[in-house]
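Right, one structure below, let's go through it.
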There are 2 protein chains.
Amino acid sequence: MPKPDAATLLREAGLRVTQQRVAVLGALTDSPHADVETIAVATRVTLGTVSTQAVYDVLRALTDAGLARRIEPAGSPARFELRVGDNHHHVVCRSCGAIADVDCAVGQRPCLTASDAHGFVIDEAEVTYWGLCPDCSARTTTDPHPWKEAQ
Amino acid sequence: MPKPDAATLLREAGLRVTQQRVAVLGALTDSPHADVETIAVATRVTLGTVSTQAVYDVLRALTDAGLARRIEPAGSPARFELRVGDNHHHVVCRSCGAIADVDCAVGQRPCLTASDAHGFVIDEAEVTYWGLCPDCSARTTTDPHPWKEAQ
DNA sequence: TTCCTAGTCTTGAACTGTTCCAGAAAAGGT
DNA sequence: ACCTTTTCTGGAACAGTTCAAGACTAGGAA
């Protein structure tokens with residue numbers, strides 16, 4: 001049961017229920033942190049044909065409605081996840097780009113305390129941890145910089 | 001004296017000293033967090049004509065050599081700064097894109113402690129604070145969402 | 001000093017991720 | 001079942017960035 005009531009979710013957010021939206025929600029449920037291309041492919045497996053623009057439109061609608069969150073690690077195309085509302089962060093693998101969720105270590109909004117905000121009114125602190133995922137880390141033990149050559 | 005010995009800086013990093021590199025270093029000194037376009041314009045003021053690719057190449061060389069750091073807030077083109085080596089972060093204005101430096105509040109590498117890294121080997125924690133800069137914040141007091149209409 | 005060569009810069013084209021546009025199609029209230 | 005509004009399709013456009021081939025130059029060798 002990978003899609004726990006996508007239709008209701010959409011309706012409650014004030015969005016129309018369309019095949020594309022349900023399919024995209026399903027794709028996001030199956031693979032969190034997926035990029036647009038991945039989501040489009042997964043959606044096409046479900047529906048047959050879906051234009052790339054429809055996927056972008058759906059993702060924008062979901063993001064605006066607060067059902068999805070857009071994350072953009074430097075150097076990567078945009079990725080999307082359904083986990084919203086909680087203050088969690090991400091670890092990104094420098095080698096393969098894999099992303100995993102990381103809960104905030106200290107309380108609910110720890111990092112919101114900047115030492116000197118220069119007068120900025122801060123409303124969010126986004127933390128991105130950079131490193132190597134378990135797989136790439138293991139591979140690196142034998143080959144120091146696998147991703148610098150052919151990958 | 002805005003350029004404290006750019007030539008030496010380059011030489012010590014094992015890089016050739018070229019007009020373009022010196023000029024780009026100067027531009028970065030004058031305006032930290034500048035994007036490529038801004039740097040290119042500033043460089044042309046100094047040298048007359050410089051190709052965009054030369055600017056990209058120089059920035060890549062500087063970044064690889066550890067003289068500059070590339071930062072990419074979501075939704076913004078890449079920006080560069082000369083402040084490297086210390087563990088500092090950034091505040092980004094959601095309205096105008098302005099960026100300011102923020103020193104780490106807790107010790108030297110506070111946020112490196114993720115609650116559960118899922119087996120990732122983390123080597124850096126990047127914190128981006130999002131909010132409104134003083135100017136935009138003041139403007140928002142009278143007009144709730146100025147940046148959603150014409151900007 | 002002059003010459004040579006690896007390393008740089010220029011010009012121009014290509015590429016990726018994303019957005020814009022106009023018209024066709026579909027959702028859902030009446 | 002119909003009509004209005006929203007959404008989707010297909011195609012074009014766009015920004016930021018990178019690639020490629022040749023001209024140029026900084027800086028060490030002769």
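Every chain is numbered from 1, with letters handed out A, B, ... down the list of sequences.
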Would one find a side-chain N or O of [X] under 4.0 angstrom from OP1 or OP2 of [N]?
{"X": "B:Y56", "N": "D:dT17", "result": "yes"}
{"X": "B:R79", "N": "D:dG16", "result": "no"}
{"X": "B:R11", "N": "D:dG27", "result": "yes"}
{"X": "A:Q53", "N": "D:dT9", "result": "no"}
{"X": "A:R70", "N": "C:dG17", "result": "no"}

**OP:** Report the nucleotide, chosen from D:dT7, D:dT18, C:dT19, that has the shortest atom-to-atom distance to any side-chain atom of A:T18.
**Re:**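 Selected nucleotide (nearest to the side chain): D:dT7.
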Original post:
If you check the B:V17 side chain, which of C:dA26, C:dC20, D:dG27 turns out closest?
Top reply: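 Nearest to the side chain of B:V17 among the choices is D:dG27.
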What nucleic acid atoms does [X] come within less than 4.0 Å of, heavy atoms only: base, sugar-phosphate, or nothing?
{"X": "A:R44", "value": "nothing"}
{"X": "A:T49", "value": "sugar-phosphate"}
{"X": "A:S51", "value": "base"}
{"X": "A:A78", "value": "sugar-phosphate"}
{"X": "A:Q20", "value": "sugar-phosphate"}

Subject >> Side chain proximity check, B:V91 to B:I99, heavy atoms < 4.5 angstrom >> reply: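 Answer no - side chains too far apart.
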Subject >> Presence of donor-acceptor pair under 3.5 Å, side chain of A:R21 and base of D:dT7 >> reply: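 Per atom types, no contact qualifies.
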Original post:
Going by an N to O cut-off under 4.0 Å, is there a salt bridge joining A:R83 and A:D103?
Top reply: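 Looking at A:D103 together with A:R83, the answer is yes, because their closest N to O distance falls below 4.0 Å.
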